[in-house]
Amino acid sequence: MILSPLEGRVYQGVRGFETHLKEEIGGYKASWGTLYHGKAVKGPVFWNQNVWRAPFRMEFGSISEAAKALREIQRNWAPVLFTQFRRGALIRSQLPPLSHKPRPFPWLAPDVPMGAWTLADPHTIIASAQCSSPFPGGIIEFEEDKQGPPSRAYLKLWEALVRCGAWPGPGDRCLDAGASPGGWTWAAARLGAEVLAVDRAPLEERILAMPGVEFIKHDAFTLKPQSIGPIRWLLCDVVCYPPRLYQWIARWLDSGLCENFICTIKMQGLPDIETTRRFAAIPGSMVAHLYHNKHELTWMKVRDA
Ligand SMILES: C[S@@+](CC[C@H](N)C(=O)[O-])C[C@H]1O[C@@H](n2cnc3c(N)ncnc32)[C@H](O)[C@@H]1O
């Protein structure tokens with residue numbers, strides 16, 4: 001068995017948005033499915049499902065030899081296969097099991113390393129013990145609520161909160177901008193938070209009827225932080241050009257009136273990389289493409305994350 005480190009990173013692209021990733025990493029040496037092996041880019045890379053931070057190549061003879069070598073490094077290894085599925089399944093069967101059960105919310109992700117591996121050919125594994133996502137292969141599924149929320153948009157909020165390891169609690173004052181039809185408001189109100197929902201479109205009646213929910217029909221961006229007052233969480237899923245969102249968030253940051261932020265940066269046409277970088281440069285924050293995001297990224301800034 002020969003194990004050799006690979007210089008740089010392996011970036012796992014998001015299906016449908018691989019072009020965005022390729023532009024960000026500026027070329028790559030090799031690829032396997034949606035995995036791209038390139039140099040370690042300075043600064044954050046946004047359009048990925050997972051970054052393999054310490055990749056290596058392992059040439060092996062037998063399936064049990066490969067599984068043993070991975071087990072000796074650490075417990076958790078998520079397969080990300082694009083070829084050699086049968087062989088991959090055999091290796092996987094000799095690794096400690098990973099739970100693929102949908103998670104309840106709230107859920108605190110265990111703080112343990114989550115590795116990832118793929119098969120480049122029958123006798124070559126590409127793997128990394130350290131990855132950017134705490135979820136196997138960058139994937140998290142939740143136990144969905146098919147009755148309560150009016151749409152599935154709440155899933156990306158849940159995922160962001162799990163990534164941050166924090167969520168609104170009973171009595172926490174939240175502003176939900178771009179709240180309609182009410183998925184994020186439902187998610188926060190269900191945790192016992194006091195939610196001020198703002199949208200130019202109406203909130204669903206049954207969401208409005210939830211305890212702690214108040215609604216104002218307004219352009220979120222013309223609301224001044226000082227007129228809202230102190231809030232624990234600012235949640236924003238407004239469809240708008242990213243610079244518009246950035247200007248408004250900058251006012252909130254300057255005001256010091258909000259502790260925690262979860263905002264979707266929606267891309268209109270080509271991704272706005274310049275504004276995304278400005279968001280990512282805000283101290284204590286992170287921008288990621290979440291598993292539940294579409295053509296959008298999520299900016300998260302949570303005080304104790
Ligand atoms: C993707 S939807 C939000 C979905 C919501 N988070 C949910 O879970 O149901 C985007 C919302 O942004 C609202 N919106 C767009 N521009 C806005 C603005 N300037 N102020 C407030 N809301 C706005 C739209 O009316 C729309 O309801």
Side-chain angles (χ1 to χ4, degrees), residues 17 105-106 140-164 167-168 172-210 212-228 231-252 258 260-269 271-272 275-276 279 287-302:
F17 303 122
F105 182 83
I140 180 162
E141 303 279 4
F142 289 105
E143 288 173 5
E144 292 191 32
D145 186 322
K146 309 255 184 201
Q147 315 284 311
S151 71
R152 296 180 76 238
Y154 70 99
L155 293 169
K156 65 188 170 192
L157 176 62
W158 277 7
E159 183 178 348
L161 298 171
V162 169
R163 278 292 282 263
C164 296
W167 36 84
D172 283 353
R173 195 159 179 255
C174 303
L175 175 65
D176 182 11
S180 298
W184 286 31
T185 294
W186 169 87
R190 192 171 162 266
L191 294 165
E194 303 282 326
V195 190
L196 176 59
V198 183
D199 203 299
R200 294 192 295 213
L203 206 62
E204 273 204 9
E205 283 297 329
R206 64 202 171 87
I207 305 296
L208 191 54
M210 288 176 80
V213 174
E214 197 190 321
F215 174 67
I216 44 174
K217 196 166 184 298
H218 210 284
D219 176 350
F221 299 142
T222 58
L223 287 174
K224 291 196 179 77
Q226 291 73 13
S227 64
I228 303 287
I231 52 175
R232 183 62 63 84
W233 291 84
L234 191 159
L235 311 173
C236 180
D237 195 25
V238 170
V239 177
C240 65
Y241 284 100
R244 185 85 184 90
L245 174 65
Y246 185 86
Q247 276 173 0
W248 187 58
I249 291 301
R251 290 169 79 173
W252 274 99
C258 178
N260 306 300
F261 299 80
I262 306 285
C263 300
T264 315
I265 310 171
K266 311 254 185 193
M267 301 303 161
Q268 327 271 320
D272 181 343
T275 308
T276 304
F279 270 108
V287 176
H289 186 278
L290 304 178
Y291 178 62
H292 290 95
N293 276 146
K294 296 183 177 127
H295 195 207
E296 59 195 11
L297 298 167
T298 301
W299 174 67
M300 297 159 266
K301 177 173 160 56
V302 169

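Whatever order the structure lists ligands and atoms in, that order sets their numbers, starting from 1.
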- Query: Distance from I265 atom CD1 to T276 atom OG1, nearest 0.5 Å?
  - Reply: 5.0 Å
- Query: Going by the order shown, which atoms of ligand 1 are within less than 4.0 Å of some heavy atom of A179?
  - Reply: 5 (C), 7 (C), 9 (O)
- Task: Find out whether Y154 and E144 are in side-chain contact, i.e. whether some heavy atom of one side chain is under 4.5 Å from a heavy atom of the other.
- Result: yes
- Output the list of atoms in ligand 1 that are nearer than 4.0 Å to some heavy atom of W184, sorted by atom number. 6 (N), 7 (C), 8 (O)
- Item | 4.5 Å side-chain heavy-atom contact, W252 and I228 | yes
- Message: Any nitrogen or oxygen of Y154 lying under 3.5 Å from a nitrogen or oxygen in ligand 1? Just yes or no.
- Response: no
- Message: Regarding atom 3 (C) of ligand 1: of the candidates G178, P150, P149, which has the closest heavy atom?
- Response: G178
- Message: Could you identify the single nearest non-hydrogen protein atom to atom 19 (N) of ligand 1 and state the distance to 0.1 Å?
- Response: D219 OD1, 2.9 Å
- Relative to the heavy atoms of G182, which atoms of ligand 1 are at a distance of less than 4.0 Å? 7 (C), 9 (O)
- Query: Taking C-beta and beyond as the side chain, do L155 and F105 meet within less than 4.5 Å on heavy atoms?
  - Reply: no
- Message: Looking at K266 and E296, is any side-chain nitrogen of the basic one under 4.0 Å from a carboxylate oxygen of the acidic one?
- Response: yes
- Task: Within a distance under 4.0 Å of any heavy atom of A220, pick out the atoms of ligand 1 and give their elements.
- Result: 18 (C), 20 (N), 21 (C)
- Query: Is there a heavy atom in P181 that sits closer than 4.0 Å to ligand 1?
  - Reply: yes
- Message: For the CZ atom on R152, are there more than 12 heavy atoms of other groups (residues, nucleotides or ligands in this structure) within a distance under 6.0 Å?
- Response: no
- Message: Considering both backbone and side-chain atoms of A153, is one of its nitrogen or oxygen atoms within less than 3.5 Å of a nitrogen or oxygen in ligand 1?
- Response: no
- Under 4.5 Å between any side-chain heavy atoms of T264 and W184, yes or no? yes
- Message: Would you compute the distance between atom CD of E194 and atom CG of L175 and round it to the nearest 0.5 angstrom?
- Response: 13.5 Å
- Tell me: protein heavy atom nearest atom 16 (N) of ligand 1, and distance? R200 NH2, 3.3 Å
- Message: Out of all atoms in ligand 1, which are within 4.0 Å of some heavy atom of H218? Include the element for each.
- Response: 20 (N), 21 (C)
- Note on the structure: So for K266 against ligand 1, with non-hydrogen atoms under 4.0 Å, the contacting part is side chain
- Shortest protein heavy-atom distance from atom 10 (C) of ligand 1, along with the residue and atom involved: D237 O, 3.3 Å
- Please determine if V238 has a nitrogen or oxygen closer than 3.5 Å to a nitrogen or oxygen of ligand 1. no
- Option with minimal heavy-atom separation from atom 4 (C) of ligand 1, where the choices are G183, A177, S180: S180
- Item | Identified side-chain contact (heavy atoms from CB on, under 4.5 Å) counterpart of Y291 within the set E159, R163, K156 | E159
- Query: Hey, what do you get for CG (D237) to CG (D176), rounding to the nearest 0.5 Å?
  - Reply: 7.5 Å
- Query: Who gets closest to atom 24 (C) of ligand 1 by heavy atom: L223, L203, D199?
  - Reply: D199
